[in-house]
Amino acid sequence: MFIQTEPTPNPNALKFLPGRMVAPEGGLAFDGPGAATASPLAEALFGLAGVAGVFFGADHVSVTRADDGPDWPDLRPQILTVLMDHFVSGAPLMRDGGLGQGHVDDGEDDDVVREIKSLLDSRVRPAVAQDGGDILFESFDADTGVLTLRLRGACAGCPSSTATLKMGVEQMMRHYVPEVTRVEAAEA
């Protein structure tokens, strides 16, 4: 098995491509060891000193290292070993059929929110996934026009995430959905 590694715009995150589907039903984000108990792979990655975040995309695993953790030349081979062991073993990604953590259309969204979610799914999320992350609808305040989005994976904490939100996502949303006046990141 060969696992490719790609840099991301976040210097503290790397994207690992195992050449197979990882989380086809949607992105799964783990921000700490406590949340990782639902996944044998995430739990094993958090067992490595210096791992601060794990994100499973459709075809990749993004790992974020702690600012004070080992440098990538030391951490990367350890991550590759954990990934290789997991995928070769055939172990499940999630215990007890854990579900994706994407936004859910519960049928109660108004037309503006449905349009926002549709744009996120068709135009924004695929681009963000290329950088090893994900972006989800958090809320929309119709009174102020403020759209709040949650960044996950390599995008969470990335130095360029503010520019991505303001110069990319906000401009696009304001163009296609005039009710949106501003885009903000959800607090972690």
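Residue indices begin at 1 and follow the sequence shown. The structure displayed is predicted, hence computed values, not measured ones.
A distance of 9.5 Å separates CD in Glu6 from OG in Ser62, rounded to the nearest 0.5 Å. Taking CG from Asn10 and CG from Asn12, the interatomic distance works out to 5.5 Å, rounded to the nearest 0.5 Å. In this structure, the separation between CD1 on Ile79 and CG on Leu83 is 7.5 Å, given to the nearest 0.5 Å.
Shown here are the side-chain hydrogen bond (donor to acceptor under 3.5 Å, both in side chains) partners of Glu184, two or more places apart in sequence or in another chain: Arg182. Listed by chain and residue number, nothing satisfies the side-chain hydrogen bond (donor to acceptor under 3.5 Å, both in side chains) test with Gln171 (two or more places apart in sequence, or in another chain). Among residues two or more places apart in sequence or in another chain, the side-chain contact (heavy atoms from CB on, under 4.5 Å) test is passed with Thr148 by Glu138, Ser139, Val146, Ala186.
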Taking only distance into account, with no hydrogens and no angle test, what donor-acceptor pairs under 3.5 Å do side-chain atoms of residues 14-22 form with protein atoms, sequence neighbours excluded?
residue	atom	partner	partner atom	Å
Lys15	NZ	Ala129	O	3.1
Lys15	NZ	Gln130	O	2.9
Arg20	NH1	Phe87	O	3.3

Under 3.5 Å, sequence neighbours excluded: what are the donor-acceptor pairs made by side chains of residues 68-76?
residue	atom	partner	partner atom	Å
Trp72	NE1	Pro11	O	3.0
Arg76	NE	Thr5	OG1	3.3
Arg76	NH2	Thr5	OG1	3.3

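For Thr64 (side chain) and Val51 (main-chain N/O), no donor-acceptor pair under 3.5 Å exists by modelled atom type. For Arg150 (side chain) and Ile135 (main-chain N/O), no donor-acceptor pair under 3.5 Å exists by modelled atom type. Of the possible donor and acceptor atoms, none in the side chain of Ser118 sits under 3.5 Å from a partner among the backbone N and O of Arg114.
The salt bridge (charged side-chain N to carboxylate O under 4.0 Å, His left out) pairs that include a residue from residues 41-60 are Glu43-Arg95, where partners are two or more places apart or lie in different chains.
Scanning both residues, Phe46 and Val54, for their nearest heavy atoms gives CE1-CG2, 3.7 Å. Among all heavy-atom pairs drawn from Leu28 and Ala23, the shortest one is CD1-CB, 4.2 Å. In terms of heavy atoms, Met173 sits closest to Leu147 at CG-CD2, 3.9 Å. Pairing each heavy atom of Ala66 with each of Ala52, the nearest pair is N-CB, 3.7 Å. Between Phe56 and Ser39, the closest heavy-atom pair is CE1-OG, 3.4 Å.
Tested against Ile116 for a side-chain contact (heavy atoms from CB on, under 4.5 Å), the candidates Asp111, Val180, Asp110, Val124 yield a single pass: Val180.
You'll find the side chain of Thr181 stays beyond 4.5 Å of the side chain of Thr144, heavy atoms only. With contacts defined as side-chain heavy-atom distances shorter than 4.5 Å, the pair Leu136/Leu151 does not qualify.
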For this session: Take Val183 and Leu149 through the side-chain contact (heavy atoms from CB on, under 4.5 Å) test and state the conclusion after the steps.
Result: CA-CA 7 Å; Val183 174; Leu149 302 173; 3.7 Å; yes

For this session: Go through the steps for Ile3 and Val61 under the test side-chain contact (heavy atoms from CB on, under 4.5 Å), then give the verdict.
Result: CA-CA 10 Å; Ile3 299 174; Val61 176; over 6 Å; no

Exercise. side-chain contact (heavy atoms from CB on, under 4.5 Å) between Val177 and Leu119: does it pass, once the steps are laid out?
Worked result: CA-CA 9 Å; Val177 186; Leu119 280 169; 3.7 Å; yes

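A chain of hydrophobic side-chain contacts below 4.5 Å, direct or via other Ile, Leu, Val, Met, Phe, Trp or Tyr residues, connects Val88 to Met94.
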